[in-house]
Amino acid sequence: MQKVKSSIWFFCLLLLAGTVSAQQKTVSKSWEFRSINSIGLLEAENGSSFQLQTVNGARYKSWFAGVGVGLDYYRYRSIPMFLDLRKEFGKYPNKVFVYADLGMNFSWVTDKQKQNFYFPDDHFSNGLYSDLGVGYKLSLGKNNGLLISLGYSYKKMTETYQGYIVTYPYPTYLRDFATVTQQQKINYSLNRLSIKFGWQF
Amino acid sequence: MKIIYRLCTRMGLLSGFIFLFSGCMKDKITKTYQVSTPIYQVLSEYRKAIKSQPATTLTAPGKMSVIGKYIFLSETGKGIHVVDNSNPASPRNISFINIPGNVDMAIKGNTLYADAYGDLVTFDISDPTQVLTKNFSPNVFPDRSIYYWNVPSGGGFNPDSVKVIIGWTYRDTTVDYNPDVNPVFYSGGCANCMSIAATMATAAAPPGTIATNGSTARFSIINNYLYTIVFNSLSAFDISQPYNPSLAGSVQINSQVETIYPFKDRLFVGTSNGVYMYNIQQTPAAPALIGEFVHLRSCDPVIADNEYAYITLNDGSACQGFSNELQIVDIKDMSNPVLIKTYQLKHPEGLSKDGDHLFICDGDAGLKVFNTSDLSNLQLIRQLTDATVSDVIAINGIAIVIGTDGIYEYDYSNLSDIHLISKL
């Protein structure tokens with residue numbers, strides 16, 4: 001529960017940062033700061049997991065480019081940090097858009113997840129993060145809008161630990177040998193459907 | 001209202017899409033590890049190969065035994081190095097006893113007892129450079145006697161028909177892995193217990209007669225008995241005829257045993273969930289349980305003196321422990337041991353005590369030396385971080401320490417100036 005609270009506070013802080021930067025007004029008549037803040041689900045083989053993101057950047061005509069950071073709870077908690085590029089289509093206030101995110105995924109495994117580790121030196125390293133998708137913006141006024149999007153999200157994590165050489169069929173005596181332990185590695189390439197509901201201002 | 005309606009409509013469409021396609025999203029998870037393949041030798045050839053060889057380089061130092069001017073140091077799984085330590089400032093690696101499958105040892109006088117997989121092998125070490133194999137006691141450690149598993153019961157077998165693993169070849173492999181079905185492999189062993197040993201200088205017998213073994217050794221000698229622990233049993237071998245040890249008795253222990261430590265007529269057996277104390281005075285062939293001290297599940301070397309036991313717990317994964325601490329236990333009444341105090345450490349393993357000074361190998365935090373004159377307030381007087389260490393014997397002003405890459409020796413004759421004098 002404490003972790004959830006911390007995460008909410010973390011997100012609020014990011015949101016606040018985004019709001020402040022968005023309030024720093026327009027760079028020019030063509031360039032405008034925008035903040036996109038969303039929550040959502042990641043759906044895949046391992047079930048549903050929560051995600052939240054804030055992306056802050058500049059809009060130029062129908063293009064937007066920004067920097068994003070978020071929380072991703074799929075399998076093992078991580079913090080994706082990425083560049084976001086998106087384009088809107090259509091002349092109506094409500095518009096379809098496509099987006100592409102590319103960046104790094106920084107592992108931030110929860111204490112509860114760590115409890116499942118058999119090996120104390122178990123740790124995760126960072127990996128690639130990407131998200132590609134399409135969405136729909138419902139205009140709520142001049143610069144405000146509700147966003148719905150659906151995309152394909154990928155994150156990669158690598159877990160390493162000092163494991164045991166498989167000892168079958170002689171499990172008891174091999175423990176005594178120097179070569180019994182070795183660094184083992186688990187590569188997680190996680191493919192998810194990414195559903196996000198956001199607010200742009 | 002219209003906006004909300006539109007939003008709901010799109011959310012409904014999204015939900016349908018997710019329902020249809022989320023099952024297509026698969027995680028690709030692979031595990032990379034080494035596969036080991038045994039190298040075999042027939043038993044008769046294997047036994048012939050157990051003999052002295054020229055000195056070889058230390059690569060995986062295991063347990064050590066100190067007798068007189070010699071250090072016998074196991075190269076885990078391969079044999080025993082003999083080190084002439086007559087000058088601790090310049091130790092010399094003088095020979096190697098090739099014993100595939102060896103882990104533990106004990107020495108009394110000129111007789112070395114060592115395990116070779118499931119066999120107990122007896123050596124004459126009168127000349128440490130030309131050790132002579134005197135006797136094999138076959139299959140006395142059944143859970144390590146892998147090469148007897150396929151031998152027909154009822155005695156008698158052809159040694160040329162029995163294969164012994166003498167080494168391994170390794171190759172990397174990557175396979176698909178499902179962490180939800182196959183949790184990370186756990187072998188039941190204790191990785192951090194495989195290369196640690198330590199001792200107190202106050203061994204049970206006069207110096208020079210019975211070698212000083214470590215706090216994590218699994219062989220120990222008191223008088224005319226060699227005590228060994230394997231898996232969950234404590235066995236006593238009568239060694240009144242030094243070259244012909246005979247199994248005199250054994251007792252079962254309801255826990256996974258890790259270490260054995262002798263003090264006077266007592267044996268302290270460290271297990272994964274506590275320390276068991278035995279008296280051997282009345283029935284040396286059948287040690288009598290006189291007390292136990294239960295702790296959290298962990299790997300646990302232990303040493304003791306007349307009044308206190310010093311237990312280090314470490315988070316050796318396979319012991320399923322998460323504690324890294326020193327526990328000091330009052331054992332004046334062994335039937336009712338009382339925990340005096342716990343001290344947090346980094347990853348404590350072997351330990352040794354000399355007088356009022358306690359030496360603890362604390363993993364990569366190095367060797368720590370404590371003043372124990374006040375057990376409720378141990379004073380750290382020196383931390384030596386030359387190596388990641390696992391084993392220490394503190395004896396006669398010299399601390400012999402096993403590091404991951406060799407033996408380190410420290411002069412502690414002047415406690416205000418403990419310093420490294422050699423590394424082998």
Side-chain angles (χ1 to χ4, degrees), chain A residues 41-48 74-75 94 115-122 135-136 138-140 146 148-150 152-153 156-193 195 197, chain B residues 3 6-7 10-11 14-15 17-18 21-36 59-60 62 75-78 101 103-104 117-118 141 143-146 149 165 168 170 174 177 179-180 183-191 193-195 230-231 315-318 320 322:
Chain A
L41 293 174
L42 293 159
E43 291 282 344
E45 183 182 2
N46 201 43
S48 299
Y74 188 77
R75 276 205 184 269
N94 299 338
Q115 284 172 8
N116 295 326
F117 295 168
Y118 283 85
F119 301 95
D121 53 357
D122 202 325
Y136 191 77
L138 286 166
S139 176
L140 294 177
L146 290 178
I148 310 170
S149 67
L150 178 67
Y152 161 74
S153 172
K156 186 175 175 67
M157 305 178 84
T158 303
E159 179 184 3
T160 55
Y161 56 90
Q162 282 297 118
Y164 293 92
I165 290 177
V166 177
T167 57
Y168 177 84
Y170 312 122
T172 55
Y173 83 94
L174 261 182
R175 53 173 289 185
D176 298 316
F177 293 83
T179 49
V180 77
T181 58
Q182 58 174 223
Q183 188 177 71
Q184 296 184 353
K185 190 161 52 175
I186 300 175
N187 284 308
Y188 296 87
S189 295
L190 307 175
N191 304 292
R192 303 82 55 84
L193 273 180
I195 304 102
F197 305 96
Chain B
I3 288 174
R6 285 181 182 175
L7 191 62
R10 281 157 181 79
M11 285 176 71
L14 261 179
S15 303
F17 187 86
I18 292 161
F21 293 101
S22 63
C24 301
M25 291 291 166
K26 302 291 184 190
D27 296 335
K28 173 68 175 172
I29 303 175
T30 60
K31 181 175 179 179
T32 302
Y33 58 94
Q34 283 186 327
V35 169
S36 51
T59 56
E75 182 81 26
T76 309
K78 296 178 180 175
V103 178
D104 280 274
Y117 289 113
F141 308 120
D143 74 325
R144 298 188 64 228
S145 295
I146 53 170
W149 284 10
I165 297 172
W168 298 84
Y170 302 96
T174 298
Y177 180 67
D180 303 322
V184 177
F185 181 78
Y186 168 61
S187 75
C190 174
C193 295
M194 69 188 180
S195 59
V230 174
F231 193 50
D315 58 0
S317 317
Q320 298 177 314
F322 295 94

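A, B, ... follow the sequence lines: proteins, then strands. Residue 1 opens every chain.
The two atoms that bring Met25(B) and Leu193(A) nearest to each other are CG-N, 3.7 Å, heavy atoms only.
A distance-only check finds a donor-acceptor pair linking the side chain of Glu45(A) to the backbone of Asp27(B) [under 3.5 Å].
With values rounded to the nearest 0.5 angstrom, Tyr188(A) atom OH is found 6.5 Å from Tyr177(B) atom OH.
Of the residues considered (Thr158(A), Leu190(A), Asn191(A), Leu41(A)), Asn191(A) shows the highest number of contacts with chain B, using heavy-atom pairs under 4.5 Å.
A 6.0 Å sphere centred on NZ of Lys185(A) holds no more than 12 heavy atoms belonging to other residues, nucleotides or ligands.
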